[in-house]
Amino acid sequence: MAALEREDAFRKIFRLYRRRNTSELSGVIHFRPGNSAVKCAELRIGALSDEDARRAGLQPLEQWKGYHLEGYPGFLFISNPFLPSWQHRWVRQCLKFYPRKPNVCNLDLHMSPDQTGDLWSSSHNQLRNKSGQKHQEKSLLEKLRWVTLGFHYNWSTKKYYKQNYTPFPADLAELSRCVGLACGFSNFKAEAGILNYYHMDSSLGIHVDEAELDHHSPLLSFSFGQSSIFLLGGRSREAEPTAMMMHSGDIMVMSGASRLLYHAVPRILRHPEGGLLPPDLSHPPTDKDPGAHPLTEPCSPQDWEVCSAYLQNSRINMTIRQVLQEGACFPEDTGADTDQITAQASYHQEGSETEQEAKRVRTASDTPGEK
Ligand SMILES: O=C(O)CCC(=O)C(=O)O
Ligand SMILES: [Mn+2]
């Protein structure tokens, strides 16, 4: 439990960034050309066709900017490779479609499927008409913290189960396949997804993603909306983590020796360019033509009104995982005991540190606090 937690090197840095003034972020790594702290990475040019990239809303591979981080083999950072108006589509998917049944979300723990079946419809007017008043009732979409896709991660047992599976969204599986190809993972298969919904006071606790049975496949992470600080540590919490900035559209790949490293998101920050939304998202989408086989429909200006109201104070992250090694099955004993949603607390945290401590103490019997 967090309240009793020992102060290891990772936690110390986590708390530092949670509290630190935005003017004191000089130690945070920025992945951009010319920064000597990062090295340009070669992507698998030729492995991903321009046509497949375009269908998934990605620029041709030779235009992507990939970076390695010294001391973290297997970690790759790709600086926003999305085509114009495509971040809008993925954000719309995360708010309008992916929270729908049969996918599972945090609100299902306390509400009936009738109430959580269409969060978009029950929230869009409220979001569009937000006056900015502090004590306005939050819409259900604003209360959304996580959605699970494919094999649904069980936050209590920290496992996936064979029976707790619903079809993984085809468009997101294809986006993930394309990113996997570009990074040299030609057989990557999206089998589970955790979508994380953050607001300006949210954080994500220190954890390792080890529930997947296949640790050879990478973890793909996509970020949209406001920016954040990401901490990447070592195999033990005694290793000091490195802090880096993530902006809208950025992709991170954790593979090889970096696949099982401790990581966390201590802080959400407003994107640095000023204005309510990052530049790529500051205008309504302009693409009209869905093409012959659209992977996802363009985001309409009406839908974007809702998404942009939401994103002014939020960040969305999608982490996509392969659960099973190619051709492998679940071991017998993990397949049997659950196909229901049990009381599942997550590692999402909100509010000031003091509020967080209080919350975690109050819910100590059923809240792991961290993954
Ligand atoms: O939000 C992020 O950038 C990280 C998400 C993450 O680590 C997870 O979902 O396991
Ligand atoms: Mn993670």
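Numbering of ligands and ligand atoms starts at 1, following listing order.
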### Query
With the Mn ion (ligand 2) at the center, what angle do NE2 from H207 and OD2 from D209 span, rounded to 10 degrees?
100°
### Task
Check for a donor-acceptor pair, side chain of S282 on one end and backbone N or O of L277 on the other, with a separation under 3.5 Å.
no
### Interfacing atoms of ligand 1 (cut-off 4.0 Å, heavy-atom, L204)
4 (C), 5 (C), 6 (C), 7 (O)
### Backbone N/O of K189 and side chain of R177: donor-acceptor pair under 3.5 Å
no
### Query
What part of R321, side chain, backbone, both or neither, has a heavy atom within less than 4.0 angstrom of ligand 1?
side chain
### Query
Does R270 use its side chain to pair, donor to acceptor, with the backbone of Q312 at less than 3.5 Å?
yes
### Task
Mind checking salt bridge (charged side-chain N to carboxylate O under 4.0 Å, His left out) for E210 and listing every partner two or more places apart, or none if nothing turns up?
none
### Task
Return a yes/no value for S221: is any of its N or O atoms, backbone included, closer than 3.5 angstrom to an N or O of ligand 1?
no
### Summary
Under 4.0 Å from one or more heavy atoms of Y198, ligand 1 contributes atoms 1 (O), 2 (C), 4 (C), 5 (C)
### Task
Take every heavy atom of H207, measure it against each atom of ligand 1, and state whether any distance is under 4.0 Å.
yes
#### Entry: Sub-4.0 Å atoms of ligand 1 with respect to non-hydrogen atoms of V265
1 (O), 2 (C), 3 (O), 4 (C)
### Contact atoms of ligand 1, heavy-atom distance to R315 under 4.0 Å
1 (O), 2 (C), 3 (O)
Hey, can you pull the donor-acceptor pairs under 3.5 Å for the side chains in residues 239-255, sequence neighbours left out?
unit_1, atom_1, unit_2, atom_2, d
T242, OG1, Y72, OH, 2.7
H247, ND1, S227, OG, 2.8
S248, OG, Q87, OE1, 2.6
S248, OG, G225, N, 2.9
D250, OD1, N80, N, 3.0
D250, OD2, H247, N, 2.7
S255, OG, G74, O, 2.8

### Summary
Nearest non-hydrogen contact to atom 9 (O) of ligand 1 from the set D209, N196, I194 belongs to N196
### Query
If you count the atoms of ligand 1 from 1 in the order shown, which ones are under 4.0 Å from a heavy atom of M246?
3 (O)
### Task
Give the minimum heavy-atom separation between H152 and Y160, together with the two atoms involved.
C-CD2, 4.0 Å
### Query
Is E142 reaching over with its side chain to a backbone N or O of S139, donor-acceptor style, under 3.5 angstrom?
yes
### Query
Going by the order shown, which atoms of ligand 1 are within less than 4.0 Å of some heavy atom of H263?
7 (O)
### Task
Measure L219 to ligand 1 on non-hydrogen atoms and call it side chain, backbone, both or neither using the 4.0 Å cut-off.
neither
### Task
Look at the aromatic rings of W155 and W146 and report parallel, tilted or perpendicular, splitting at 30° and 60°.
tilted
### Query
Are side-chain heavy atoms of K158 and Y153 found at a separation under 4.5 Å?
yes
### Task
For ligand 1, find out whether one of its N or O atoms is nearer than 3.5 Å to an N or O atom of S223.
no
